[in-house]
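Written below as structure tokens is the structure these notes are about.
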Amino acid sequence: MVRIVVRVGGSVVASPPNPVLIGRYVDLLKDLKGQGHEVVAVVGGGALARDFIRVAGELGLDETNRDWAAIYVSRLFAHLFVMRLEDAGCGIVPVSLDEAVACLKRGKIVVMGGLKPGMTTDTVAAMIGEKVDADLLVKASDVDGIFTKDPKKYPDARKIDELGLKDLTQLFEENRHKAGIHQILDPEAVKIHRKGGMKMVVVNGFKPENVLLAVKGEKVGTTIK
Ligand code: UTP
């Protein structure tokens with residue numbers, strides 16, 4: 001048995017909302033559970049969350065409330081997962097780490113969204129991973145892994161197959177002014193990982209089977225140890 005956190009990118013299932021992919025992720029989470037693993041998924045709000053952040057801003061709401069708008073969008077996506085999971089899920093979207101742990105202890109698949117303002121769902125995934133002492137965190141992102149530079153902007157960007165947490169921190173430093181590399185994995189989340197011993201794999205989430213490959217330990221995406 002392996003305890004797994006799957007961070008489902010909003011850029012993958014929610015930009016725009018994609019019922020086919022959401023359905024495939026629900027099946028994948030059930031597959032992992034069926035293989036005997038403990039599973040927590042953390043879903044982001046993607047482009048829809050960013051739309052709501054903009055709308056909240058235009059309404060004159062402050063940053064905390066803009067974040068809340070995005071958090072509710074991510075929870076709405078998580079709620080779709082929970083409803084589709086039926087009995088395999090715990091019927092609610094946990095809004096605290098303790099609630100998530102309680103759901104996991106009931107032998108259910110946990111699906112959550114954002115937790116509180118001022119962070120990203122990457123950080124939520126890192127926090128719950130740390131809390132339940134997860135063995136593995138797989139981030140299903142919209143790129144093939146971590147690159148030397150933002151691959152959407154730099155054609156000469158190279159995918160990195162494996163790197164250490166220290167190298168990742170250095171990469172963030174080098175790319176401080178090149179937004180994009182930061183979006184693949186929130187540096188705040190990486191700080192939490194530095195404390196724990198959780199293995200992390202970033203894969204292209206448009207092919208959900210990549211998550212299964214990562215769980216099997218096969219070479220896919222970028223592995224961070
Ligand atoms: P993410 O950037 O985590 O969502 O949160 P995402 O769409 O899944 O990201 P990618 O692109 O696929 O990796 C979007 C925003 O929601 C707010 C923040 O403003 C964050 O930038 N948020 C999210 C919070 O404030 N707290 C949370 O716990 C989660």
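Whatever order the structure lists ligands and atoms in, that order sets their numbers, starting from 1.
- Using a 4.0 Å cut-off to heavy atoms of Gly44, the atoms of ligand 1 that qualify are 4 (O), 6 (P), 8 (O).
- Taking the ring axis of Phe81 as reference, the NZ or CZ atom of Arg84 does not stay both within 45° of it and closer than 6.0 Å to the ring centre.
- When all heavy atoms of Pro94 and Val110 are compared, the closest pair comes out as CG-CG1, 3.8 Å.
- The atoms of ligand 1 that sit less than 4.0 Å from any heavy atom of Ser11 are 10 (P), 11 (O), 12 (O).
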Give every donor-acceptor pair under 3.5 Å between a side-chain atom in residues 155-168 and any protein atom, sequence neighbours left out.
| residue | atom | partner | partner atom | Å |
| --- | --- | --- | --- | --- |
| Asp156 | OD1 | Lys149 | NZ | 3.4 |
| Asp156 | OD2 | Lys149 | NZ | 2.9 |
| Lys159 | NZ | Asp161 | OD1 | 3.0 |
| Lys159 | NZ | Gly221 | O | 2.8 |
| Asp167 | OD2 | Gly164 | N | 3.0 |

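- Side-chain contact, Asn210 with Asn204: no donor N or O sits under 3.5 Å from an acceptor N or O.
- With a 4.0 Å heavy-atom cut-off, ligand 1 is reached by the side chain of Val124 but not by its N, CA, C or O.
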Let me check something: any side-chain donor-acceptor pairs from residues 40-60 under 3.5 Å, sequence neighbours excluded? List them with distances.
none

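- The option from Ser141, Gly46, Ala70 that lies nearest to atom 15 (C) of ligand 1, judged by heavy atoms, is Ala70.
- Look at Lys139 and Asp122 and you find a salt bridge, because one of the NZ, NE, NH1 or NH2 atoms lies within 4.0 Å of a carboxylate O, short of that distance.
- Within the 4.0 Å heavy-atom criterion, both parts of Thr120, backbone and side chain, lie near ligand 1.
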- request: Show your reasoning for whether side chain to side chain contact (heavy atoms under 4.5 Å, CB included) applies to Leu136 and Met198.
  value: CA-CA 5 Å; Leu136 174 68; Met198 200 181 344; 5.8 Å; no
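- Residue contact check: Leu115 has heavy atoms under 4.0 Å from atoms 27 (C), 28 (O) of ligand 1.
- With a heavy-atom cut-off of 4.0 Å, Lys139 touches ligand 1 through its side chain alone.
- Set against the non-hydrogen atoms of Gly114, the atoms of ligand 1 under 4.0 Å away are 27 (C), 28 (O), 29 (C).
- Tyr72 OH: 12 or fewer foreign heavy atoms inside a 6.0 Å radius.
- With hydrogens and angles ignored, the 3.5 Å screen pairs a side-chain donor or acceptor of Tyr25 with a backbone N or O of Gly205.
- Ligand 1 has no nitrogen or oxygen under 3.5 angstrom from a nitrogen or oxygen of Val8.
- The part of Ile53 lying near ligand 1 is the side chain, judged by heavy-atom distances below 4.0 Å.
- Close N/O approach between Val43 and ligand 1 is not found [any backbone or side-chain N/O within under 3.5 Å].
- Within the 4.0 Å heavy-atom shell around ligand 1 one does not find Ser74.
- Short contacts between ligand 1 and Gly118, defined as distances under 4.0 Å to a heavy atom of the residue, involve ligand atoms 25 (O).
- Those atoms of ligand 1 that come under 4.0 Å of a heavy atom in Ile71, given as number and element, are 22 (N), 24 (C), 25 (O), 26 (N), 27 (C).
- Heavy atoms from other residues, nucleotides or ligands lying under 6.0 Å from NZ of Lys207 number 12 at most.
- Residue contacts with ligand 1, taken as heavy atom pairs separated by less than 4.0 Å, do not involve Ala49 at all.
- Remark: His79 NE2 is loosely packed, at most 12 non-hydrogen atoms of other residues, nucleotides or ligands lying under 6.0 Å away.
- With ligand atoms numbered from 1 in the order given, ligand 1 contributes 25 (O) to contacts under 4.0 Å with heavy atoms of Pro117.
- Residue Lys116 touches ligand 1 through its backbone alone, judged by heavy-atom distances below 4.0 Å.
- Proximity of Arg7 to ligand 1, defined as any heavy-atom pair under 4.0 Å, is confined to the side chain (atoms from C-beta onward).
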